[in-house]
Amino acid sequence: MKMKTRLLSCAAIAVGLTLTAKTLIFTVPAVPEFIEITSTAEQVAPQYKSGCAQFDVSAPIDRNGQLNVLVWNIYKQQKVDWENELKALSEPSDLVLLQEASLTPELKQFVINRSYSAELVRAFDVFDTSAGVLTLAKSPATKVCAHTAIEPWLRLPKSALLSEYQLSNGEALMVINIHAINFTLGTEDYKNQIKELSKEVEGHKGPLIVAGDFNSWSGARLTELMTQVQLLGLKEVLFTPDERMRFITGLPLDHIFYRGLKVKEAHSIKSNASDHNPLQVSFSLKTP
């Protein structure tokens, strides 16, 4: 009995220390927030906004009917060569969707130097550094919405960002950049996160891109994902070559889904600058 009591006491202390450490290290916003990053060095403090925000009408995001997109889980910039790789990959890109982005001074300076319009969902802060999905674009969005979903085990949010952009053919492009829930016993929380985002786009009739790290490492998860994808009338981009990161099940974690656009070419190449390999696709606009 004494031994059992001691074990329970030790377990309680361990849980208490873990929760205390989490409180000291991580800060989680009470409501979904995004940080707007301008391309001017004069901005010192980040601009925090809750929920959704509308912006003035911007220039078209495409270039003469072509739209180049980069999707990449950047692994919180923990690899040495992340910046050089990101510079090279983003050079031809009109739209860059990053997951696991950590808003370090180096990444913020990258955004400023490249004159990107950028928003990062503040899923949580590690000490004083915000982390979440980050969307970069050559032209500003007309609408931005932040979404978060709590990981059942870790109790830290995964994030998604909905953005709308003007196209040169007069249509409005909706883009969802997502980092899906990972650690769960079943698929209920995973399904709920995907369904919540699906509801956001049900009323959108124009072109749509849904992309990111879906953590689709099991057949059950992939089935839930593809069910929602089909309901939205989306197609999946096929890559040649296809070097996407795969789980031990052989299933890829990263995907790009689309509708209302034409795929010109798409590939995923190997990279040592992250634990995921980048995805690149070139779209052309359809005549409305």
Test item: [X] side-chain N/O and [Y] main-chain N/O as donor-acceptor pair under 3.5 Å:
| X | Y | result |
| --- | --- | --- |
| E33 | G51 | no |
| E151 | F183 | yes |
| H147 | E196 | no |
| W82 | S274 | no |
| H276 | L279 | no |
| E164 | A172 | no |
| S216 | P252 | yes |
| D125 | F127 | no |

Checklist entry - What is the ring orientation for F283 with Y258, classed by angle as parallel under 30°, tilted 30 to 60°, or perpendicular over 60°? => result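 Aromatic pair F283/Y258 classed tilted.
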Close side-chain approach of [X] to [Y], heavy-atom, < 4.5 Å:
| X | Y | result |
| --- | --- | --- |
| Y116 | I37 | no |
| T148 | V121 | yes |
| E236 | M226 | yes |
| I178 | I194 | yes |
| N277 | I269 | no |
| V175 | L95 | yes |
| N169 | D62 | no |

For the residue pair [Y] / [X], report whether a side-chain donor-acceptor contact shorter than 3.5 Å exists.
| X | Y | result |
| --- | --- | --- |
| D242 | S268 | no |
| T142 | Q166 | no |
| W217 | N182 | yes |
| R221 | T184 | yes |
| T135 | E119 | no |

[X]: partners by side-chain contact (heavy atoms from CB on, under 4.5 Å), with sequence neighbours left out:
| X | value |
| --- | --- |
| I150 | R155, P157 |
| K199 | E202 |
| S284 | K262, K264 |
| A53 | F34, K49, F55 |

Checklist entry - Say you draw a straight line from CG of N68 to CD of E265; how long is it, rounded to the nearest 0.5 Å? => result 8.0 Å
Checklist entry - Rounded to the nearest 0.5 Å, what separation is found between the CE atom of M245 and the CG atom of L253? => result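 One gets 5.5 Å once the value is rounded to the nearest 0.5 Å.
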Next on the checklist: Grouping I, L, V, M, F, W and Y whenever their side-chain heavy atoms are under 4.5 Å apart, do I256 and V229 come out in a common cluster?
Outcome noted: no
Item to check | Same apolar cluster (I L V M F W Y, side chains within < 4.5 Å links), L232/L222 | outcome: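 Cluster IDs for L232 and L222 match.
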Write down the atom of [X], the atom of [Y], and the distance for their closest heavy-atom approach.
| X | Y | value |
| --- | --- | --- |
| D94 | Q66 | OD2-O, 3.8 Å |
| A220 | T187 | CB-CG2, 3.7 Å |
| P60 | S168 | CB-N, 3.6 Å |
| L156 | V28 | CD2-CG2, 3.9 Å |
| G132 | S159 | CA-OG, 3.6 Å |
| V69 | V71 | CG1-CG2, 4.1 Å |

Which pairs would a plain distance check flag for residues 99-107, meaning a side-chain donor or acceptor within less than 3.5 Å of a matching protein atom at least two apart in sequence or in another chain?
residue: Q99; atom: OE1; partner: N73; partner atom: N; Å: 3.3
residue: Q99; atom: NE2; partner: L97; partner atom: O; Å: 3.4
residue: Q99; atom: NE2; partner: N177; partner atom: OD1; Å: 2.8
residue: E100; atom: OE1; partner: K76; partner atom: NZ; Å: 2.8
residue: E100; atom: OE2; partner: N73; partner atom: ND2; Å: 3.1
residue: T104; atom: OG1; partner: Q77; partner atom: NE2; Å: 3.4
residue: T104; atom: OG1; partner: E106; partner atom: OE1; Å: 3.4
residue: T104; atom: OG1; partner: L107; partner atom: N; Å: 3.2

Checklist entry - Hey, is CG on N272 packed in by over 12 heavy atoms from elsewhere, all under 6.0 Å? => result no
Checklist entry - Looking at V210, I209, L234, which hits side-chain contact (heavy atoms from CB on, under 4.5 Å) with R259? => result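 It is L234, the one option of V210, I209, L234 that forms the side-chain contact (heavy atoms from CB on, under 4.5 Å) with R259.
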Next on the checklist: Quick one, F214 with H255, criterion ring pair (Phe, Tyr, Trp, His ring centres under 6.0 Å). Give me CA distance, side-chain angles, the key distance, then yes/no.
Outcome noted: CA-CA 7 Å; F214 289 86; H255 304 268; 5.7 Å; yes
For residues 83-93, which side-chain donor-acceptor pairs fall under 3.5 Å, sequence neighbours excluded?
residue: N84; atom: ND2; partner: D81; partner atom: OD1; Å: 3.0
residue: E85; atom: OE2; partner: S271; partner atom: OG; Å: 3.2
residue: S90; atom: OG; partner: L86; partner atom: O; Å: 2.7
residue: S90; atom: OG; partner: K87; partner atom: O; Å: 3.3
residue: S90; atom: OG; partner: R114; partner atom: NH2; Å: 3.4
residue: E91; atom: OE1; partner: R114; partner atom: NH1; Å: 3.4
residue: E91; atom: OE1; partner: R114; partner atom: NH2; Å: 2.9
residue: S93; atom: OG; partner: L89; partner atom: O; Å: 3.1

